[in-house]
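Structure first, commentary second.
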Amino acid sequence: MKVKISDLYDVSSSKRVFQSEWRNSGVPFYRAREIAKLASDGYVDNELFIDENLYSEYVERYGKPQPGDIIITGVGTLGVCYVVKPEDRFYFKDGNILWFRQKAPDQIKSEYLVRAFDSKDVKDFIVRNSSGTTVGTFTIQTANKLEINLPPINEQEEVIDKLSRIEEIIKKREEELQLLDTLIKARFIEMFGEPISNTKKLSLQKLGDICELKAGDFTIATDIHEKQDKDNPYPCYGGNGIRGYVNNYTHDGDYPIIGRQGALCGNIQYAIGKFRNTEHAILVTPKIEINKIWLYELLILENLNRYQTGAAQPGLAVKTLNIIKIPIADIMLQNDFAAFVSQVDKSKVAVQKALDEAQLLFDSLMQEYFG
């Protein structure tokens, strides 16, 4: 059964607070970015505040969010929900944040509405109906038009429980993958030392002397497609990893790739098979006998982002990378390490498969419940 949000909640915002009324202490004052942070991490850094007296005045005039009410971002990442807790005491920015005040707690669970806002249908509705030409806003008028599927309370509780259990499985699988990556890093440092400070006192060589570093070909953005299909089967690497898929490739083989443009410049990818690398990605081709898996892990630990230049558009210059000195280990030890990585990767494949299956189940249930 479809029900309008306006039948379940009174949707409003707050009384306007001017920047001149912000303080360094008092009652926490949240903008949309702080609400998003609170929703994702459970805490907010670098809080703003308003005066206790001003807070008391506004609460007396306009009320305050109660446990079970929902605060939702209206700018930035639209529709991020935070459920008010009994211990919460804060005020929030007018216009940029919507306040969903419960008026039918016997009909809807707050956690159920949060799940609905995570669904594709609700997100698409918000985007389609957001106002503003450059920066969209989620308004009270749009919120009141929104309809959601609303089963009985007992079914809502079952939906919340089932989705939460699957999310917990997804979280554990993601943690397993992180632990396996940590294991590889720990093994590298155990065998070869910390590379930046070269704690094992290995021989140092310039990166450009042992590897050819070359940026890829210019690639038109319209030639890059979001999804892989028979017409566009080849991954296309940009400054931050795989950017999409294209219908032609530039290389066939195994290569480390350094992202050279953007906030994440210096990130390291490992391309396998046929692929294309753009002008924002640097292909690393060894000139000497070297294990590419070992080289890949070494480059990750080198934290190449520390060599970036440019504030507005950070980047890495090939000429800079060429003169960086890196430690070089005995090839036999490199191969031993690569064999260890291969064994760990088998475990990662199994965990990733389980993660993908859990994510697929979660997505299908979200569509079933809220689509």
Side-chain angles (χ1 to χ4, degrees), residues 1-16 30-32 34-36 38-40 58-59 61-86 88 90-133 135-164 166-167 362-371:
M1 177 179 67
K2 290 278 190 180
V3 176
K4 280 189 173 184
I5 289 294
S6 57
D7 293 334
L8 304 168
Y9 292 88
D10 287 321
V11 184
S12 63
S13 188
S14 66
K15 172 66 178 173
R16 186 173 187 185
Y30 295 152
R31 297 161 295 180
E34 281 86 30
I35 291 297
L38 194 63
S40 64
Y58 284 169
V59 164
R61 287 188 184 183
Y62 309 108
K64 66 176 180 179
Q66 299 296 320
D69 287 356
I70 300 178
I71 306 299
I72 302 181
T73 57
V75 296
T77 304
L78 304 178
V80 177
C81 302
Y82 175 73
V83 180
V84 178
K85 297 179 175 61
D88 283 333
F90 61 82
Y91 206 68
F92 52 92
K93 186 172 175 58
D94 62 296
N96 292 348
I97 297 172
L98 301 186
W99 172 11
F100 281 44
R101 292 172 292 178
Q102 284 187 321
K103 65 179 183 181
D106 57 330
Q107 295 182 44
I108 185 168
K109 304 284 291 184
S110 298
E111 295 83 359
Y112 183 83
L113 184 65
V114 172
R115 293 293 186 185
F117 267 81
D118 279 337
S119 69
K120 183 178 183 301
D121 280 16
V122 171
K123 287 180 178 179
D124 288 348
F125 175 88
I126 292 174
V127 171
R128 288 196 310 269
N129 292 276
S130 62
S131 61
T133 54
V135 179
T137 57
F138 180 39
T139 65
I140 294 172
Q141 292 75 18
T142 298
N144 282 325
K145 295 176 186 176
L146 176 60
E147 294 183 341
I148 61 169
N149 290 328
L150 190 70
I153 283 285
N154 64 317
E155 291 184 24
Q156 293 178 39
E157 291 172 342
E158 291 176 5
V159 167
I160 295 165
D161 179 64
K162 186 176 291 187
L163 291 174
S164 296
I166 297 173
E167 268 189 334
F362 182 86
D363 293 342
S364 65
L365 288 176
M366 285 289 289
Q367 184 61 32
E368 177 185 340
Y369 298 143
F370 304 107

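For the single chain, residues carry numbers from 1 onward in sequence order.
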So which atom in T77 and which in V80 form the shortest heavy-atom distance, rounded to 0.1 Å? O-CG2, 3.4 Å
How far does OH of Y30 sit from CD1 of I97, to the nearest 0.5 angstrom? 10.5 Å
I160 and K109: which non-hydrogen atoms are nearest, and at how many Å? CD1-CB, 3.9 Å
Could you grab the distance from atom OG1 of T73 to atom NZ of K93, nearest 0.5 Å is fine? 14.0 Å
If you draw a 6.0 Å radius around NZ in K162, do more than 12 non-hydrogen atoms from other residues or ligands fall strictly inside? no
Polar side-chain atom of S14 near backbone of F92 as donor-acceptor pair, under 3.5 Å: yes
Do W99 and I140 pass the side chain to side chain contact (heavy atoms under 4.5 Å, CB included) test, and can you show the C-alpha distance, the side-chain angles, and the key distance before you say yes or no? CA-CA 9 Å; W99 172 11; I140 294 172; over 6 Å; no
Does V75 offer a backbone N or O that forms a donor-acceptor pair with the side chain of T137 under 3.5 Å? no
Under 6.0 Å between the ring centres of Y58 and Y91? yes
Taking the side chain as everything from C-beta on, heavy atoms only, tell me whether I108 gets closer than 4.5 Å to Y9. yes
In terms of ring plane angle, is the pair F117 and F100 parallel, tilted or perpendicular, where the classes change at 30° and 60°? perpendicular
Quick check: do I71 and L98 have side-chain heavy atoms less than 4.5 Å from each other? no
L113 vs S110, test: side chain to side chain contact (heavy atoms under 4.5 Å, CB included). Steps then yes/no. CA-CA 5 Å; L113 184 65; S110 298; 5.9 Å; no
Test side chain to side chain contact (heavy atoms under 4.5 Å, CB included) on L365 and L163 and set out the steps. CA-CA 8 Å; L365 288 176; L163 291 174; 4.0 Å; yes
Shortest non-hydrogen pair, A143 vs I5, comes out as O-CB, 3.5 Å
Interatomic distance, OG1@T139 vs CG@N144, rounded to 0.5 Å, equals 8.5 Å
Check: D69 side chain, Q66 main-chain N or O, donor-acceptor pair, under 3.5 Å: yes
V84 vs I70 side-chain heavy atoms within contact, under 4.5 Å: no
Answer yes or no: is there a donor N or O on one side and an acceptor on the other, between the side chain of T142 and the main chain of F138, under 3.5 Å? no
More than 12 heavy atoms of other residues, nucleotides or ligands under 6.0 Å from NZ of K103: is that the case? yes
Check: D161 side chain, E157 main-chain N or O, donor-acceptor pair, under 3.5 Å: no
Result of checking E155, Q156, K2 against L150 for side-chain contact (heavy atoms from CB on, under 4.5 Å): Q156
If you compare all heavy atoms of A39 against all heavy atoms of C81, which two are closest, and at what distance to 0.1 Å? CB-O, 3.3 Å
Sub-4.5 Å side-chain heavy-atom contact between L78 and S130: yes
Heavy-atom pair with the smallest gap, counting every atom of Q107 and I153: C-CD1, 3.6 Å
Find the distance between CG (N149) and CD (E368) and round it off to the nearest 0.5 Å. 10.5 Å
Begin from the C-alpha positions of R115 and S164 and carry the test side chain to side chain donor-acceptor pair (under 3.5 Å) through to its verdict. CA-CA 10 Å; R115 293 293 186 185; S164 296; 3.2 Å; yes
So CG of L146 and OG of S6: to nearest 0.5 Å the spacing works out to 9.5 Å
For the residue pair K120 and K123, establish whether any side-chain heavy-atom pair is separated by less than 4.5 Å. no
Check whether the side chains of Y82 and D88 place a donor and an acceptor atom closer than 3.5 Å, and report yes or no. yes
CD-CG distance between E147 and D7, expressed to the nearest 0.5 angstrom: 9.0 Å
For P67 and P86, the nearest pair of non-hydrogen atoms, with its separation, is CG-CA, 3.5 Å
What's the verdict on side chain to side chain contact (heavy atoms under 4.5 Å, CB included) for F370 and D118, showing C-alpha distance, side-chain angles and the deciding distance? CA-CA 9 Å; F370 304 107; D118 279 337; over 6 Å; no
